[in-house]
Protein chains: 2
Amino acid sequence: MKLRKENSTNNINEIYWKENCGIAFTLSLIGGRWKINILSYLLAEKKLRYNELKSRLTGISERILVLKLKELEQDDLIKRIVHAQVPPKVEYELTELGQSFKEILILMDQWGETNLKKLF
Amino acid sequence: MKLRKENSTNNINEIYWKENCGIAFTLSLIGGRWKINILSYLLAEKKLRYNELKSRLTGISERILVLKLKELEQDDLIKRIVHAQVPPKVEYELTELGQSFKEILILMDQWGETNLKKLF
DNA sequence: TAAGGAACAAACAAAATAGTAAGTATGAAA
DNA sequence: TTTCATACTTACTATTTTGTTTGTTCCTTA
């Protein structure tokens with residue numbers, strides 16, 4: 001899944017900062033275009049199916065959705081619940097760790113909404 | 001400075017989310033490998049020269065440092081103070097808007113430090 | 001007159017992230 | 001027996017971000 005070059009400067013820098021700086025560590029888990037959106041939908045709606053997430057995340061491709069869900073699961077921020085059915089039914093929800101982002105997400109949302117308005 | 005393709009799906013998605021989601025907007029300003037670190041050093045030390053930032057940001061390249069400082073300045077998060085001297089002296093400090101990130105930075109730092117410890 | 005410091009700039013290259021399009025598995029319903 | 005729905009894979013391509021290297025400017029001091 002990961003194709004990161006073990007010893008690229010980029011990768012070395014990321015590791016260094018993740019281990020030595022709380023903020024960098026935090027950002028490494030929720031950074032990028034989609035992860036916070038996934039988290040905040042799950043925060044608001046508790047439990048969502050794959051397709052429900054897909055339709056809410058306007059513009060996301062299936063590949064990226066699956067990829068981000070996997071990464072979030074590996075980092076123990078979300079939980080994957082598989083129902084043995086046909087057609088398949090898979091639900092996602094936040095773990096306890098995922099829930100602990102709540103405050104940060106709320107603050108980031110407030111900051112964003114406040115400052116977005118200034119631009120329009 | 002920007003070489004973004006006006007109508008790549010990637011760019012379209014970013015714009016859509018920036019305009020419609022506070023968190024996405026926030027993240028668009030502080031995301032990436034270095035920006036939050038720059039902000040938090042400036043938050044802690046008030047005012048820093050170019051070289052001082054460079055030496056604190058272990059591993060950063062000059063090109064990226066300059067680029068990120070420019071972006072932060074354009075987004076009005078930091079202020080560039082030029083002293084007319086030779087050799088040059090340029091200082092950076094947070095704007096008021098930059099300062100308003102304080103709470104978020106602190107929370108992200110706390111979250112990170114707490115959860116970093118669990119890994120070691 | 002040559003070297004030096006601070007803060008960049010420019011050309012190029014590598015790495016990482018995101019997107020596209022087509023295909024797979026499963027069993028039930030038509 | 002073919003179609004259908006859901007939740008993905010896979011192979012490939014494009015875009016974006018990050019890093020490397022070398023060079024510039026300007027006055028100052030040796």
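This structure is a prediction, so every number in the text was calculated from the model and none was measured. First the proteins, then the strands, lettered A, B, ... as listed; each starts at 1.
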Q: Take atom OH of Tyr16(B) and atom P of dG19(C), then tell me their distance rounded to the nearest Å.
A: 14 Å
Q. Under 4.0 Å between a side-chain N or O of Lys70(B) and OP1 or OP2 of dA9(C)?
A. yes
Q: Please state how far atom NZ in Lys54(A) lies from atom C1' in dG19(C), giving the value in whole angstrom units.
A: 14 Å
Q: Measure the distance from CD1 on Ile12(A) to P on dA15(C) and round it to the nearest whole Å.
A: 11 Å
Q. Given atom CG of Leu57(A) and atom C1' of dC8(D), what is their separation to the nearest angstrom?
A. 16 Å
Q) Heavy-atom contacts under 4.0 Å between residues 41-49 of chain B and DNA chain C, which residues? A) Arg49(B)
Q: Identify the heavy atoms of Leu48(A) and Arg56(A) that sit nearest to each other, and give their distance.
A: CD2-CZ, 3.9 Å
(Q) Does dA5(D) have OP1 or OP2 under 4.0 Å away from a side-chain N or O of Asn51(A)? (A) no
Q) So how far off straight is the helix from dT1(C)-dA30(D) to dA30(C)-dT1(D), going by the axes through five pairs at either end, to 10°? A) 30°
Q) Tell me, for nucleotides 13-22 of chain D in 5' to 3' order, what letter each nucleotide earns: B for a base near a protein heavy atom under 4.0 Å, S for only sugar-phosphate near one, - for neither? A) --SSSBBB--
**Q.** Counterpart residues, salt bridge (charged side-chain N to carboxylate O under 4.0 Å, His left out), relative to Arg33(A) (two or more places apart)
**A.** Glu14(B)
Q: Round to a whole Å and report the spacing from CD of Glu91(B) to C1' of dA7(C).
A: 13 Å
Q: Kindly say whether Lys18(B) contributes a backbone atom to a donor-acceptor pair with the side chain of Ser28(B) at under 3.5 angstrom?
A: no
Q. Between Glu73(B) and Lys79(B), is there a side-chain N and carboxylate O pair less than 4.0 Å apart?
A. no
Q: Return yes if some donor-acceptor pair links the side-chain N/O of Thr95(B) with the main-chain N/O of Asp76(B) below 3.5 Å, else return no.
A: yes
**Q.** Tyr92(B) side-chain N/O to dC8(C) phosphate OP1/OP2 under 4.0 Å
**A.** yes
Q | Protein-nucleotide distance (His83(B), atom NE2; dA7(C), atom P), rounded to Å | A | 10 Å
Q) For the pair made of OH in Tyr50(B) and C1' in dT24(D), what is the distance, rounded to whole Å? A) 13 Å
Q) Is Arg49(B) paired with Glu52(B) through a side-chain N to carboxylate O contact shorter than 4.0 Å? A) no
**Q.** Residues in side chain to side chain contact (heavy atoms under 4.5 Å, CB included) contact with Val86(A), at least two apart in sequence or another chain
**A.** none
Q.
Tell me whether Asp75(A) contacts the main-chain N or O of Leu29(A) through its side chain, where contact means a donor paired with an acceptor under 3.5 Å.
A. no
Give every pair of a protein N or O atom and an N or O atom of nucleotides 26-30 of chain C that lie under 3.5 Å apart, one pair per line with the distance.
none

Q. Any salt bridge between Glu93(A) and Arg80(A), counting N to O under 4.0 Å?
A. no
Q | Basic-acidic side-chain contact under 4.0 Å: Lys54(A), Glu62(A) | A | yes
Q) Just how far, in rounded Å, is P of dT6(D) from CG of Leu53(A)? A) 14 Å
